[in-house]
Structure formats: C-alpha cells, structure tokens
Amino acid sequence: MAHRTIHWFRKGLRIHDNPALLAGLDGSKEFRPIFILDPHFVSSGLVGANRWRFLLESLRDLDNSFKKLGSRLYVLQGTPLDVLPRIFKEWNVTRLTFEMDTEPYARQRDEAVCQLAAEHGVEVIQRVSHTLFVTSSVIRNNGGKPPLTYQRLQTVLSKMGAPAKPREPPTKEAIHKCAVPIEADHEAKYGVPTLEQLGVKPIQEESLYPGGETEALRRMGEYLERKDWVCKFEKPKTQPNSLEPSTTVLSPYLKFGCLSPRKFYYGIQDVYREKKNYTKPPVSLEGQLLWREFFYTAAAGTPNFHQMVDNPVCLQLPWDNNTEFLEAWKYGRTGYPFIDAIMTQLRQEGWIHHLARHAVACFLTRGDLWISWEEGEKVFEELLLDADYSLNAGNWMWLSASAFFHQYFRVYSPIVFGKKTDPTGQYIKKYLPVLKKMPIQYIYEPWNAPRSVQEKAGCIIGQDYPRPIVDHAQVSKRNIGRMKEARACQASAKSDNKRPTEESQTTKTKSAKKSKKMK
C-alpha cells in the first residue's frame with residue numbers, strides 16, 4: 001500500500017540522521033513534513049524570547065533544507081490533539097511518523113496521538129534518534145532500574161555495544177518519488193511565523209548562536225577540525241568566565257535536535273582514531289555526550305524527576321521561601337559581581353558555561369540563599385537556549401546536593417571561584433558595565449573599596465550597585481550545617497523504616513522456633 005504520510009517534527013529539527021523521517025518517505029505516494037506550534041507555550045510565558053528565536057531560526061533552516069529537496073515545511077498552529085485529527089481528514093493521511101520522546105508530557109501526548117491515529121486508521125511509526133541509546137533498553141539492561149551513577153551507566157553501556165551509526169539525509173530522488181503538494185499560498189498558510197506574529201517581544205541583542213541544522217553542522221565541523229583541542233578536552237579545565245565560550249556551545253543544537261548526538265559521537269571517534277592519545281570520560285568530549293545519556297536515562301526511569309516531592313532519588317529538604325532573594329538572584333542583583341555577571345549573560349544571550357551554572361546554582365541553593373533548586377530550574381527553563389527537562393532537573397539536583405552528588409560541604413565561593421580563571425575581572429566588566437572602572441583588586445568585592453575609590457569608579461555600592469544580600473562566609477557555614485542535619489534526619493528515618501517493629505520481630509522469632517520444632 002502506498003501511503004499519504006506526514007512526518008511530525010517536534011525535536012529532531014534536522015534532515016540528517018532522522019530515521020523516522022526516512023521511514024515516512026519510504027513507500028509514500030504523498031509526503032508532508034509538519035511542525036505544530038502550540039499557542040499555549042507562547043501565552044504561558046515559560047519560554048523566553050531567546051529560545052523562541054532559536055526555535056524559529058531552526059524551523060526556517062529546516063524549511064530551506066526541504067526547499068532544496070523540492071519540498072516545504074508545513075508549520076501549523078494549535079494543540080497537536082486538535083491539529084492532527086483535522087489534517088488526517090483534510091489530507092487523507094494514512095501514516096504518521098515522528099521521533100520518540102521520553103519526557104513525561106511528551107509520553108502522555110504521544111499516547112493520546114497514537115489513540116487518535118488508530119481511530120482515524122492512521123499507521124504510526126516512531127524511531128529513536130534523540131539519544132545515543134534507547135533509554136528503555138539501558139534501563140532493562142540494568143535490571144529494570146535506571147543507572148544512578150555515571151560509572152554504573154558506563155558498565156551497562158559497555159555490554160550493549162556501540163551506538164547505532166547515524167543515517168544519511170534523504171535525497172532529492174527519495175522526495176521526488178512522492179507527490180509533494182505545495183500550494184501557491186503556502187507561505188501565508190504554512191510559513192514560519194515571526195516573533196511578533198507569535199506575540200513575543202522582539203530581541204534587540206544579536207543572535208550569537210543562530211538556530212538550525214546548518215549552523216549546528218558548521219559549528220560541530222569547526223570544533224572537530226581542532227583535533228588537538230578535541231583530544232585534550234577536559235571539561236573541568238575549561239573557563240566559566242572567558243569572554244568567548246571555552247566549550248563547543250553545541251548543547252542548544254542537541255536540545256532541539258538540530259544536531260544528531262550520534263553524528264557528533266562518531267565525529268569525535270574519527271578524531272580519536274586518528275590521534276590515538278586522548279582524554280577519557282567523564283571529562284572528555286565523548287564523556288559530555290555520556291553525561292547527557294546519563295540524565296536522559298535517569299529521568300526516563302524516575303517519576304517526578306523535575307521536582308523534589310514524590311521524587312524517589314531526591315533528598316527532601318526544608319528550603320526557605322524568600323521571594324526577595326530569589327528575585328535578586330534571578331535578575332543579577334545579589335551584590336556578588338561574579339554571580340550577577342553570569343545571570344546577566346544568561347538573560348542576554350541564553351547560554352552560560354557549565355561551570356558558571358555550577359556557581360549560580362550552588363549560590364541559590366545549598367551555598368548561600370537556601371532556596372529550592374526547583375526555583376532555579378524554572379528560571380533556567382525560561383532563559384536557557386538548551387533548557388531540557390532531563391538535563392535541567394538532573395543538574396539542579398546534582399548542584400544542590402539533592403541527588404547524585406553528596407559532597408555538600410564543597411561550596412563554590414562567589415568570590416574566589418571566578419578569580420581563578422579571570423583575575424582581572426574582564427568578564428564582570430563586560431556584563432556589569434557599572435563596574436568597568438572599579439580597580440582590579442575590588443572587582444570581585446566592590447563593597448570593600450573605600451568610598452573615594454567608589455566615587456572615582458563612578459559606582460557607589462548600595463546606590464549604583466547593590467550591597468551583598470548575604471554574607472557568604474556566614475551563610476555557607478550555616479547551610480552546611482542545615483544540610484548535614486537534614487541528611488542525618490533522613491538517614492535515621494530510612495533506618496527506622498527498615499528496622500522491624502518489636503511485635504514483628506517477636507512474631508518472626510516464634511515462627512522460627514515453630515519451624516525448628518517441625519523439623
């Protein structure tokens with residue numbers, strides 16, 4: 001049977017290594033690639049303008065790729081459960097293909113979509129290509145539970161073999177075998193909208209990291225050409241506050257699926273084979289892809305992974321509810337220049353270095369403000385280009401010492417940490433121009449500058465730039481104590497739950513004696 005097929009893009013915004021897309025083209029007499037923009041996500045305000053812009057750029061790039069193949073991308077607006085039944089009928093669809101997604105919302109949505117498709121007589125094909133491995137297979141190979149340490153994940157993966165090789169993009173010939181219905185008014189009906197048309201306020205800052213597969217492949221190729229850099233890469237040794245990124249900034253492209261993780265993985269392997277000597281996971285470039293796999297697998301196998309309550313891997317902590325502190329952190333007004341510069345960069349550009357995320361996450365949670373990691377998770381979800389359900393929640397739990405990482409006494413200093421890689425404070429001066437004339441010796445602690453120095457720098461602390469909202473030396477010690485106490489209480493509670501009651505112990509003893517007599 002020749003099919004009338006639609007391929008539904010969600011993530012996986014690329015034509016390379018897209019097995020679901022290839023499956024959609026195979027045996028089709030009519031083919032349309034679609035993307036559904038849900039207005040709910042616009043009106044909710046949960047997604048910042050930078051990420052909306054990145055998505056729209058990615059869709060335009062995807063549309064251009066299809067133009068070159070003799071097709072077009074169809075962008076529709078509405079909820080999937082409203083849009084899909086309508087076009088099933090309107091286009092006489094017999095087959096729907098899409099990339100598998102492991103997020104809870106996506107699982108519920110896709111289950112409902114599959115039911116709708118069945119009601120309309122539409123065949124559904126799903127394929128895995130957003131992760132290196134099939135997460136359900138990893139969990140199955142670990143006895144039905146997700147590996148909760150990196151080392152355990154490596155052990156499981158070592159028994160599963162290498163990831164599947166990336167697939168080639170579709171050819172013009174494959175597209176031309178299908179009818180490609182493109183109407184004269186396609187742009188008006190199905191074109192990619194602008195930010196203004198979506199009701200999102202346009203961004204003044206230039207797009208430092210343009211969305212799309214074309215840019216993703218260019219960026220990946222540029223870094224893989226630096227073969228010595230690839231082989232010597234160690235994530236902990238990169239700089240959180242360099243003026244230009246010290247890492248690849250491929251995370252947004254992996255998040256949206258503009259870049260296949262398998263293509264990146266095998267690109268790295270090609271470099272390793274040529275150079276022989278190279279760093280190893282977890283710090284290596286390959287190791288970063290495995291960290292992604294770790295959190296995806298943990299999230300897929302853990303209920304309520306995005307929250308503290310009812311999350312079986314997360315430490316339950318009595319966090320404070322301080323709106324004033326949270327707002328100061330969110331908008332870069334803590335009075336600690338290193339922290340405020342990072343949060344300013346995040347708001348302006350939509351990306352910050354991984355170690356910068358460590359610093360601000362620790363500051364918000366266990367280090368200084370003692371505010372729940374869920375609040376930080378929400379801010380990152382709004383502002384990060386690469387905000388991702390699994391990685392965002394997993395890293396916040398890690399950095400707040402709520403799960404995975406347990407050395408809670410290791411606290412990032414909002415003063416010392418930044419000085420290690422940027423002693424002259426150039427990063428701070430870039431993102432906090434109010435401090436650009438502050439002498440180097442005071443750039444990380446401007447409140448210590450004499451009044452005359454502040455006046456000369458044109459920055460009066462408490463007036464032009466805020467005083468520190470907390471004393472790091474004091475609150476960090478207090479919070480270490482709170483964390484120690486909370487962990488001791490929960491350890492005790494778990495022990496009590498495992499300890500048999502006096503009555504049950506007596507019953508067991510009598511039962512054992514009775515059993516002995518019977519023998």
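Along the sequence shown, residues carry numbers from 1. Predicted, not measured: the structure shown is a model, and the values here were computed from it.
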Looking at [X], I want to see if its [atom1] is surrounded by more than 12 non-hydrogen atoms of other residues, nucleotides or ligands under 6.0 Å.
X      : atom1 : result
Gln197 : CD    : yes
Lys67  : NZ    : yes
Glu119 : CD    : yes
Lys177 : NZ    : no
Glu225 : CD    : no
Lys172 : NZ    : no
Arg152 : CZ    : yes
Lys159 : NZ    : no

Salt-bridged, [X] to [Y], with N to O below 4.0 Å?
X      : Y      : answer
Arg219 : Glu222 : no
Arg60  : Glu57  : no
Arg72  : Glu183 : no
Arg32  : Glu30  : yes

In short, ring-ring contact (aromatic ring centres under 6.0 Å, His included) pairs touching residues 227-248 with sequence neighbours left out are Tyr223-Trp229, Trp229-Phe233
Heavy-atom check, side chain of [X] versus side chain of [Y], under 4.5 Å:
X      : Y      : answer
His120 : Lys89  : yes
Leu326 : Leu364 : yes
Leu37  : Leu76  : no
Leu290 : Pro282 : no
Phe88  : Val93  : yes
Lys330 : Glu327 : yes
Asn304 : Val309 : no
Ile15  : Leu69  : yes

Answer with yes or no after comparing the ring centroid distance for Phe294 and Phe404 against a 6.0 Å cut-off, counting only values under it.
-> yes
Taking the six-membered ring for Trp and the single ring otherwise, decide whether the centroids of Phe417 and His358 are under 6.0 Å apart.
-> no
What is the distance from atom [atom1] of [X] to atom [atom2] of [Y], rounded to the nearest 0.5 Å?
X      : Y      : atom1 : atom2 : value
Asp63  : Leu59  : CG    : CG    : 8.5 Å
Asn241 : Ile352 : CG    : CD1   : 11.5 Å
Met397 : Asn392 : CE    : CG    : 10.0 Å
Phe9   : Leu73  : CZ    : CG    : 7.0 Å
Asp340 : Tyr431 : CG    : OH    : 14.5 Å
Asp101 : Tyr389 : CG    : OH    : 11.0 Å

If only atom types and distance count, is the side chain of [X] paired as donor or acceptor with the main-chain N or O of [Y] below 3.5 Å?
X      : Y      : answer
Ser400 : Arg366 : no
Asp185 : Ala188 : no
Glu381 : Gly376 : no
Asn18  : Arg14  : yes
Trp329 : Val360 : yes
Asn141 : Val156 : no
Arg53  : Pro202 : no
Gln316 : Met308 : yes
Arg347 : Leu383 : no
Gln77  : Ile36  : no

Please name the pair of heavy atoms, one in [X] and one in [Y], separated by the smallest distance, quoted to 0.1 Å.
X      : Y      : result
Pro146 : Ala298 : CB-CA, 3.9 Å
Ser402 : Leu317 : OG-CD1, 4.0 Å
Ser372 : Thr365 : C-CG2, 4.2 Å
Ala356 : Pro240 : N-CB, 3.6 Å

Worked check of side chain to side chain contact (heavy atoms under 4.5 Å, CB included) between Leu157 and Leu153 = CA-CA 6 Å; Leu157 295 184; Leu153 176 74; 3.8 Å; yes
State whether a side-chain donor-acceptor pair under 3.5 Å links [X] with [Y].
X      : Y      : result
His353 : Thr238 : yes
Ser129 : Glu99  : yes
Tyr296 : Asp388 : yes

Audit row: Gln345, Tyr427, side chain to side chain donor-acceptor pair (under 3.5 Å) steps and yes/no = CA-CA 10 Å; Gln345 182 189 14; Tyr427 175 82; 2.6 Å; yes
Going by the salt bridge (Lys or Arg N to Asp or Glu O under 4.0 Å) test, name the single residue among Arg109, Lys11, Arg10 that passes it with Glu103.
-> Lys11
Look at the aromatic rings of Tyr150 and Trp291 and report parallel, tilted or perpendicular, splitting at 30° and 60°.
-> tilted
Look at the aromatic rings of Phe66 and Phe31 and report parallel, tilted or perpendicular, splitting at 30° and 60°.
-> tilted
Identify all side-chain donor-acceptor contacts of residues 253-261 below 3.5 Å with residues at least two apart in sequence or on another chain.
unit_1 : atom_1 : unit_2 : atom_2 : d
Tyr253 : OH     : Pro210 : O      : 2.7
Lys255 : NZ     : Ala387 : O      : 3.0
Ser260 : OG     : Asp17  : OD2    : 2.4
Ser260 : OG     : Arg262 : N      : 3.1
Ser260 : OG     : Lys263 : N      : 3.1

Test side chain to side chain contact (heavy atoms under 4.5 Å, CB included) applied to Glu111 and Gln108, step by step | CA-CA 5 Å; Glu111 186 178 336; Gln108 292 178 359; 5.8 Å; no
Going through the checks in order, is the side chain to side chain donor-acceptor pair (under 3.5 Å) test met by Thr97 and Arg127?
-> CA-CA 8 Å; Thr97 64; Arg127 294 285 186 268; over 6 Å; no
Assess whether side chain to side chain donor-acceptor pair (under 3.5 Å) is satisfied between His16 and Glu213, documenting all intermediate values.
-> CA-CA 9 Å; His16 77 272; Glu213 178 181 15; 2.6 Å; yes
